[in-house]
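This report concerns only the one structure given below.
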Amino acid sequence: MTAVEIDNLGFAYPGEATLFDGFCLNIAQGRVTALLGPNGCGKSTLLSLVLGYYHPSKGEIRLYGKQSSAYSQKERGRLTGFVSQAGRLPFNYSAGEYILLGRGAGLSLWEKPSGKDMEQAKAAAERAGAADLLKKNVQELSAGELQLVQIARALAQEPRLLLLDEPTSHLDPSNALSIFRLIRQLASDGVTVLYSTHDPLHALQAADDACLMKEGKVLADGPAKEVLTASNLNTLYGVEFQEAEYRGHLLPFAGFREP
């Protein structure tokens, strides 16, 4: 089954040049798809369009066979989880309280979180590696700690579709590896994951599929091992990529040649 269908998408910010025109991409259920491309190519905007934060000027976005705009805000909150690039939060919640907000999509307007909701939030924190941060004020968290807490909040929603905007950008290698393992585990549990990254090596580890975006268009998409080649990455970023062999695989990297 296709989880996300993006068909002939068009979009432009008011007063700016067209960002997408005829953009098409299908994302299979229960798979991990990585979006890669230069800054400004539209990765974050594409995630926002899938989430319904923006509306396309033409074309359609369908989530699990239903047009995205047909979902109510509450339905979309139950269906999708989102992790933005970490930034300061404008309130003084504890991390535990913030993670618990992820359960809000399943509650009525005046309903209080139940014991089960609190257990789910705690389990999400443990799964994201944020269990020791629950009592900290979110204003006191480092960028990396906040990233883990935001991931936990999204997991507390128990989404079928999880979107992440550069989820490891503020994390040290140990926490980044934990997040990639978590992403793989979520996919094995049937969750569809779509995330943006600038690191092709990380995408090769975590993603089943990859989409290379340049100037608002799809340069290449398909299985990650077939798409993330030095040749494609040269074209994508305009710099020379090389390949190193590791355990029978060719791994692309950008680096300096010896003089």
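Computed from a predicted model, the values in this text were never measured in an experiment.
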May I ask you to test the [X]-[Y] pair for a side-chain heavy-atom distance under 4.5 Å?
| X | Y | result |
| --- | --- | --- |
| E158 | R78 | no |
| Q205 | L177 | yes |
| L163 | V83 | no |
| T192 | R31 | no |
| N26 | I6 | no |
| L36 | C211 | no |
| C41 | M213 | yes |
| F241 | L236 | no |

I'd like to know if the side chain of [X] and the backbone of [Y] have a donor-acceptor N/O pair within less than 3.5 Å.
| X | Y | answer |
| --- | --- | --- |
| N175 | L171 | no |
| D165 | Q85 | no |
| Q157 | G77 | yes |
| Q147 | E166 | yes |
| R127 | L182 | no |
| D199 | L201 | yes |
| D117 | S114 | yes |
| S57 | G10 | yes |
| Y64 | R160 | yes |

Q) Any chance the side chains of N137 and S94 put a donor and an acceptor closer than 3.5 Å? A) no
**Q.** Side-chain donor-acceptor pair present, Q185, S188, cut-off under 3.5 Å
**A.** yes
Looking at every non-hydrogen atom in both residues, tell me the closest pair between [X] and [Y] and how far apart they are.
| X | Y | result |
| --- | --- | --- |
| L47 | S196 | CD1-OG, 4.3 Å |
| A95 | L141 | CB-CD1, 4.5 Å |
| A207 | A224 | O-CB, 3.7 Å |
| P159 | A154 | CD-O, 3.3 Å |

Q.
Considering only residues two or more places apart or on different chains, which pairs with a residue in residues 20-40 satisfy ring-ring contact (aromatic ring centres under 6.0 Å, His included)?
A. F20-F23
Q) Got a sec, which residues hit salt bridge (Lys or Arg N to Asp or Glu O under 4.0 Å) with K66, two or more places apart in sequence or on another chain? A) E75
Q) For D221, which residues count as a salt bridge (Lys or Arg N to Asp or Glu O under 4.0 Å) partner, sequence neighbours excluded? A) none
Q. Under the 6.0 Å and 45° cation-pi test, does R76 pair with Y71?
A. no
Q.
If you apply the rule side chain to side chain donor-acceptor pair (under 3.5 Å), what do you find for N232 with T235, and how did you get there?
A. CA-CA 5 Å; N232 281 342; T235 303; 5.6 Å; no
Can you tell me how far apart [atom1] ([X]) and [atom2] ([Y]) are? Round to the nearest 0.5 Å.
| X | Y | atom1 | atom2 | result |
| --- | --- | --- | --- | --- |
| E226 | D209 | CD | CG | 9.5 Å |
| L228 | L212 | CG | CG | 6.0 Å |
| I151 | I179 | CD1 | CD1 | 3.5 Å |

(Q) Less than 4.0 angstrom from a charged side-chain N to a carboxylate O is my criterion; do K217 and E215 meet it? (A) no
Q. Under a 4.0 Å N-O cut-off, is there an ion pair linking R184 with D208?
A. yes
Q) Taking everything shown except K122 itself, do over 12 heavy atoms lie less than 6.0 Å from its NZ? A) no
Q: Count the heavy atoms of every other residue, nucleotide or ligand shown that sit under 6.0 Å from CD of E16, and state whether that count exceeds 12.
A: yes
Hey, quick one: are [X] and [Y] part of the same hydrophobic cluster, counting side-chain heavy atoms closer than 4.5 Å, chains of contacts allowed?
| X | Y | value |
| --- | --- | --- |
| L155 | I183 | yes |
| L46 | F82 | yes |
| L25 | L51 | yes |
| L186 | M1 | no |

Q: Fit a plane to each ring of Y13 and Y54, take the angle between them on a 0 to 90° scale, and name the class: parallel (under 30°), tilted (30 to 60°) or perpendicular (over 60°).
A: perpendicular
